[in-house]
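Some notes on the structure that comes next.
Reminder, nothing fancy here: chain letters follow the sequence lines and each chain counts from 1.
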Number of protein chains: 2
Amino acid sequence: MNMSASTQLLKAQQLRITDMRIKVLDLFLSHQEALSQNDLENSLGEADRITLYRTLRTFEESGLIHKAIDGTDKQKYALCKHTQCKPNQHFDHHAHFHCDDCGKTTCVEEIAAPILSPPPGFSISKTHLVIHGTCSNCQVAS
Amino acid sequence: MNMSASTQLLKAQQLRITDMRIKVLDLFLSHQEALSQNDLENSLGEADRITLYRTLRTFEESGLIHKAIDGTDKQKYALCKHTQCKPNQHFDHHAHFHCDDCGKTTCVEEIAAPILSPPPGFSISKTHLVIHGTCSNCQVAS
DNA sequence: TATTTTTTGAAACATTGTTGCAATTAAAAC
DNA sequence: GTTTTAATTGCAACAATGTTTCAAAAAATA
């Protein structure tokens with residue numbers, strides 16, 4: 001029996017294999033851009049909103065996905081490079097690009113968030129770099 | 001008759017002087033950190049939620065305040081250096097610091113968001129730099 | 001002070017975040 | 001392949017936030 005990619009990922013994180021988790025993970029695997037809870041709900045049909053919410057939290061805690069901060073008021077998530085991220089310990093230092101046109105947010109692995117020296121008295125745990133602009137898709141369209 | 005700082009600011013932006021606007025602007029003037037709609041509601045007492053919401057939108061459009069992106073799902077706003085920002089044209093390039101401990105978000109004028117060259121096909125309108133960590137206040141406390 | 005234009009406040013509704021709990025299901029044990 | 005055990009789900013319920021419409025109230029102007 002060959003396991004799907006999503007099943008394998010779940011196994012590797014020692015998470016129970018459930019329908020919702022497979023469906024959600026499949027969606028992340030098949031999408032380039034970061035997905036919001038709403039995006040996922042739309043794709044999933046009539047899945048339970050609360051279960052989805054908890055699934056996302058579980059995935060984030062296990063290091064499967066990370067928040068893609070893009071300056072909007074909607075939380076979006078993207079797949080982690082799962083080889084690096086561990087439970088409660090993320091290693092996603094790349095920038096996120098948010099298109100003002102289509103609203104999609106994507107990871108930009110090529111650009112890293114800068115490493116800063118904290119001002120006196122402060123300590124820094126993580127820096128995020130958010131880029132706003134127009135993506136190549138929308139650039140062409142206009 | 002001497003005009004208050006908030007009245008002057010409103011006048012300069014050609015906004016009508018109303019109670020709500022003065023109160024909200026006074027709050028921004030007297031706080032270091034960025035304020036969320038909820039923060040403001042708490043300080044304002046029983047002000048109308050919808051009016052506050054619209055006041056913030058108006059202020060942002062006129063260039064009085066800007067969104068302080070901090071990676072949380074709550075929108076927060078901070079005063080602009082009003083000499084630079086104009087309606088629909090912001091010049092706030094500084095980083096924002098978010099304290100994981102107390103949750104406060106502050107502008108870090110000393111640190112600027114990096115200027116990046118866009119990947120082929122993309123265009124960049126603005127970059128945001130968000131710093132997470134512990135502020136000097138909370139550092140001492142722990 | 002009267003007129004005009006903007007702003008406010010209420011009602012109403014959608015979306016999102018969040019918890020508690022009983023029913024269900026997955027994994028482990030037998 | 002059942003049974004047991006432990007985690008997950010789905011529902012109810014609630015709080016916070018975002019957003020529009022429209023008549024009433026207030027601010028600026030004449």
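For the side-chain hydrogen bond (donor to acceptor under 3.5 Å, both in side chains) with B:Lys76, the lone residue among B:Asp70, B:Asn38, B:Asp39 that qualifies is B:Asp70.
Going from atom CD of B:Glu61 over to atom C1' of D:dT19 covers 14 Å, rounded to whole Å. One atom, CZ of B:Arg54, and another, P of D:dG18, lie 14 Å apart when rounded to the nearest Å.
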Give the table of side-chain donor-acceptor pairs shorter than 3.5 Å for residues 22-32 of chain B, with sequence neighbours excluded, one pair per line with atom names and distance.
residue	atom	partner	partner atom	Å
B:Asp26	OD1	B:Ser6	OG	2.8
B:Ser30	OG	B:Asp26	O	3.0
B:Ser30	OG	B:Leu27	O	3.2

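Residue A:Leu129 shares its hydrophobic cluster (ILVMFWY side chains chained together at separations under 4.5 Å) with A:Phe97, A:Val108, A:Ile111, A:Leu116, A:Phe122, A:Ile124, A:Ile131, B:Phe97, B:Val108, B:Ile111, B:Leu116, B:Phe122, B:Ile124, B:Leu129, B:Ile131. Other members of a hydrophobic cluster containing A:Ile115 are absent, since no ILVMFWY side chain comes under 4.5 Å of it, directly or through relayed contacts. As a member of the Ile/Leu/Val/Met/Phe/Trp/Tyr network built from side-chain separations under 4.5 Å, A:Ile50 groups with nothing else and remains a singleton.
Remark on the helix from C:dT1-D:dA30 to C:dC30-D:dG1: inter-end axis angle 30°, axes from five-pair C1' superpositions, rounded to 10°.
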Measure all distances between protein nitrogen or oxygen atoms and nitrogen or oxygen atoms of nucleotides 3-5 of chain D, and list the pairs falling under 3.5 Å.
none

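Residue contacts shown for A:Thr51 include a base, since a base heavy atom lies under 4.0 Å away.
Scanning for side chain to side chain donor-acceptor pair (under 3.5 Å) contacts around B:Asp73 gives an empty result, with sequence neighbours left out. Looking at residues two or more places apart in sequence or on another chain, you find a salt bridge (Lys or Arg N to Asp or Glu O under 4.0 Å) between B:Glu109 and B:Lys81.
Contact annotation: side chain of B:Arg57 to base of D:dG18, donor-acceptor pair absent below 3.5 Å.
Listed by first and then second residue, the ring-ring contact (aromatic ring centres under 6.0 Å, His included) pairs that reach into residues 35-56 of chain B come to none, sequence neighbours excluded.
Within a heavy-atom distance below 4.0 Å of DNA chain D, the residues of residues 20-44 of chain A found are A:Met20, A:Arg21. Contacts between residues 70-79 of chain A and DNA chain C, counted as heavy-atom distances below 4.0 Å, involve A:Lys74, A:Gln75.
Both B:Ile50 and A:Arg49 lie close to DNA chain D; mapped to their nearest nucleotides by heavy-atom distance, the more 5′-ward contact belongs to A:Arg49.
Applying the 4.0 Å criterion to OP1 and OP2 of D:dT19, one finds that B:Tyr53 has a side-chain N or O inside that range.
Put simply, chain B comes within 4.0 Å of DNA chain C, heavy atom to any atom, from C:dT5 to C:dG17, going 5' to 3'.
Of all the heavy atoms in B:Arg49 and B:Gln37, the pair that sits closest is O-NE2, 3.4 Å.
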